[in-house]
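Read the structure below first, then the notes.
Atoms within a ligand are numbered from 1 in the order they appear, just like the ligands themselves. Numbers for residues simply follow the sequence, beginning at 1.
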Amino acid sequence: MKIAIVCYPTFGGSGVVATELGIALAERGHEIHFVTYRQPVRLELLSNNIHFHEVHVPEYPLFRYQPYELALSSKLVDTIKLYNIEVLHVHYAIPHAYAGYMAKKMLKEEGIYIPMITTLHGTDITLVGNHPFYKPAVTFSINKSDVVTSVSEDLKRKTVDIFKVEQDISVIPNFIDSNKYSSGYTDCQRSLMAREDEKIITHISNFRKVKRIPDVVKIFFEVQKKVASKLIMVGEGPEKEHAELLCEELGIMDKVLFLGNSNEIDRILCFSDLFLLPSESESFGLAALEAMINRVAVISSNTGGIPEVNQHGVTGFLSEVGDVKDMSNNAIKLLSNEKLLHEFKQNARHVASNFDILNILPLYEEVYEKAYKSRYKTSY
Ligand code: GMT
């Protein structure tokens, strides 16, 4: 099929999922057109089947805010017409579903019917979309989508609770390509990061408030008192500076490495023993899944969709949001028991492989087929 994918091109989870999905669909013979303002970060190779169309927003001094939605919907109209796109898949409701709907409407005027699939990722529902300034537009865009998918059961429940949804929501969980990690590194150069006797604890995120970055530092502070260890912090975001200051205050700066954004996540996870995800809310927790497929046990909060991924007492442990003490104790328990840690790491890999892309991709293909077949009945 010819599929247009709209996403954020950044390191955020929704962009990563959209990009990996597009790449995998292209490998299965579909023609994929990414429409966004920059080449997505994980989209390294453009191939015959993968195209990228940049949305350009011309600066105009009259506008205090440059109208991205307008530029995006116009670009979608042009792209859909030029390449005979059959389905439009937008990731993240704001403003993608809104712009997608406008494109659909414009195309209908020309007798072109394009079904739109909207995938909800979390913050578009729980944080931003919930804001009274956005809520009417988000509700409208959800209801005007031909198919709505959500990345977890928890997010589906929240969407139904928060918005007046007139649509069925199908849960299609996020996924991972286990093949990519099957051979693993024979030597991931662990020695560059820590001594042989030290354990490696990792956190990867966009360092926003919702990730509870100070909890990551405080958990590590407790752990390193009992277990020789290093903390690797990967990512960039507003809470990073505060985290660095906190490490300095606690006197652990020599044990914490801030690596910034990285394209070598799998290499970092390859030498990690434990992953920390103490988030306030998390619709899925893709970062935890990426850790698990790399055989890394997870200490997380028990919130949102995380329990659908991290299994308590099997792949890691879950604690109430903000319960730093419990999370530290669980981390110490795991890291100081080689046998238990090994068992959890194996379990993590095993559970993560249930989310293999080979199991999830057909679910999206099914949705595309269905939406395409009923394109003339689409909601306007
Ligand atoms: O977590 C973030 O801040 C990024 C955010 C995004 O919108 O890209 O991630 C959301 O979508 C991911 C992919 O579906 C999920 O794995 C994350 O759990 C979700 N984040 C939140 O719900 C806070």
I need the nearest protein heavy-atom contact for atom 11 (O) of ligand 1: residue, atom name and distance, please. His121 O, 3.1 Å
Between Tyr113 and Tyr376, is the ring centre distance below 6.0 Å? yes
Would you please test Tyr8 and His96 for ring pair (Phe, Tyr, Trp, His ring centres under 6.0 Å) and show each step? CA-CA 9 Å; Tyr8 283 108; His96 300 153; 4.4 Å; yes
What protein heavy atom lies closest to atom 16 (O) of ligand 1? Include the residue and the distance to one decimal. Leu286 N, 3.0 Å
Between the side chains of Asn310 and Ser300, is a donor N or O closer than 3.5 angstrom to an acceptor N or O? yes
Closest non-hydrogen protein atom to atom 20 (N) of ligand 1, residue and atom name please, with distance? Glu282 OE2, 3.3 Å
Closest to atom 3 (O) of ligand 1 (judged by heavy-atom distance), picking from Glu280, Lys209, Arg208: Arg208
The answer for which part of Asn174 has a heavy atom under 4.0 Å from ligand 1 is side chain
May I ask you to list the atoms of ligand 1 that are less than 4.0 angstrom from any heavy atom of Asn206? 2 (C), 3 (O), 4 (C)
Shortest protein heavy-atom distance from atom 6 (C) of ligand 1, along with the residue and atom involved: Ser14 N, 3.7 Å
Mode of Tyr92 contact toward ligand 1 - side chain, backbone, both, neither (heavy atoms, under 4.0 Å): side chain
Less than 6.0 angstrom separating the ring centers of His89 and Tyr368, yes or no? yes
Could you check whether His33 and His53 have their ring centres less than 6.0 Å apart? yes
Proximal ligand 1 atoms for Gly12, defined as those under 4.0 Å from one of its heavy atoms: 8 (O)
Go through ligand 1 atom by atom and flag the ones less than 4.0 Å from a non-hydrogen atom of Lys211. 1 (O), 2 (C), 3 (O)
Distance to 0.1 Å, residue and atom name: give those for the protein heavy atom nearest to atom 22 (O) of ligand 1. Ser283 N, 2.8 Å
What residue and atom, counting heavy atoms only, is the protein's closest point to atom 5 (C) of ligand 1, and at what distance? Thr123 OG1, 3.9 Å
Examine the side chains of Thr149 and Thr119 and answer whether a donor and an acceptor come within less than 3.5 Å of each other. yes
Please identify which atoms of ligand 1 are closer than 4.0 Å to at least one heavy atom of Ser281. 23 (C)
